[in-house]
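Notes follow the structure.
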Amino acid sequence: MTAQLIDGNALSKQLRGDIARRAAALSARGATPGLAVVLVGENPASQVYVRNKVKACQDSGLHSVLEQYPATLSEADLLARVDALNRDPAIHGILVQLPLPAHIDAQKVIEAISPAKDVDGFHVASAGALMVGQPGFWPCTPYGCMKMLESIGYELKGKHAVVIGRSNIVGKPMALMLLQKNATVTICHSGTQNLKALTLQADVVVAAVGKRNVLTADMVKPGAVVIDVGMNRNDEGKLCGDVDFGGVKDVAGWITPVPGGVGPMTITMLLVNTLEAAEMAPTVARSA
Ligand code: NAP
């Protein structure tokens, strides 16, 4: 292996120490940061994700509430719950776990969350703020990727970054964050022709597709930084990313593993966003 590992578990541990200290300081002033996680339906993967998020809150001294509803919950009832959480002063961040059942308009629910509590960063107000470079909540996964680049002291200015994937929650915000740091950014998607020709030019590749082996060793410039957002299962049922880790680690300069890479960083940035929402909450800000 020539590449150095960017260890998401180790970086998360370090960042969570700071989060716990800041959360304790808020708690001492009677303003414990609070996250509400709303889960509709019985999707097994979603159940694991929400449990991990709630546990991460508890481990770092944040207050968390898990609201679980059957898949039959109506859109109106879900919107009413979001409205109540918007007005709850003990809750600073609201996360509605996606995907939602088909009869619920997910975008409508996201837009119902107060932008001040939009710790997932999916509201159009958050997306717009990122677009124009104003303060706002950044989506946790690409935010975590940026923290990983920061952790290795990587200077993005003038570098060519290739983002594979253009979803609203990963690919597009990732590209905007890289652009904000003055990288030259190429966004690839399912219609991109000759992906390899583009990735071979990249100093940084972020793979956010959801398909195994989207990025193989022959597609990577020697020394490049490779960030693997993908979460897939291999033939043995084990978690793996979009990157052929075994091959790419011998070409890249830096690489994130799956598991233990972007995944833990995503939850860590959710804690950061919730903490910052609490620090900016009117009652806390007034007494600061
Ligand atoms: P998504 O909404 O399904 O988007 C996937 C993107 O990949 C789309 O833009 C799609 O292009 C593009 N794509 C599909 N096939 C491609 C190909 N052969 N070549 C190039 N691009 C291709 O997925 P997502 O929500 O962004 O998530 C992506 C992956 O990251 C998934 O594995 C997901 O589980 C994982 N993820 C991980 C974390 C974490 O915490 N580690 C968090 C979020 C997501 P089109 O737009 O043209 O369809």
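Every value quoted in this text rests on a predicted model; they were computed, and no experiment measured them. All ligand and atom numbering here is 1-based and tracks the order in the structure. Values below: all heavy atoms of this structure, side chains included; hydrogens, waters and symmetry mates excluded.
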Closest protein heavy atom to [atom], given as residue, atom name and distance to 0.1 Å:
atom: atom 21 (N) of ligand 1; answer: His189 C, 3.2 Å
atom: atom 2 (O) of ligand 1; answer: Ser167 CB, 3.4 Å
atom: atom 25 (O) of ligand 1; answer: Ile169 CD1, 3.6 Å
atom: atom 42 (C) of ligand 1; answer: Thr141 OG1, 3.1 Å
atom: atom 47 (O) of ligand 1; answer: Ser190 OG, 2.5 Å

Looking at [X], which atoms of ligand 1 are within less than 4.0 Å of one of its heavy atoms?
X: Val170; result: 26 (O), 43 (C), 44 (C)
X: Gly165; result: 6 (C), 7 (O), 9 (O)
X: Ile164; result: 20 (C), 21 (N)

*Return yes when Gly171 approaches ligand 1 closer than 4.0 angstrom through a heavy atom, no otherwise.*
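No heavy atom of Gly171 comes that close to ligand 1.
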*Nearest heavy atom to atom 31 (C) of ligand 1 wins, so pick from Gly210, Cys240, Ala207, Gly241.*
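Looking at heavy atoms only, Gly210 sits closest to atom 31 (C) of ligand 1.
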_Winner among Thr256, Val229, Asp228 once heavy atoms are compared against atom 35 (C) of ligand 1_ =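 The residue whose heavy atom sits nearest atom 35 (C) of ligand 1 is Val229.
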_Has Asp203 got a side-chain atom pairing as donor or acceptor with Ala224's backbone, closer than 3.5 angstrom?_
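No, because the side chain of Asp203 does not come within donor-acceptor range (under 3.5 Å) of the backbone of Ala224.
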*Would you say Glu75's side chain and Asp105's backbone share a donor-acceptor pair under 3.5 angstrom?*
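Looks like yes, one N/O pair under 3.5 Å.
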*Scan Leu98, Val96, Val109, Ile113 and name whichever one has a side-chain contact (heavy atoms from CB on, under 4.5 Å) with Phe122.*
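Of the listed residues Leu98, Val96, Val109, Ile113, the side-chain contact (heavy atoms from CB on, under 4.5 Å) partner of Phe122 is Leu98.
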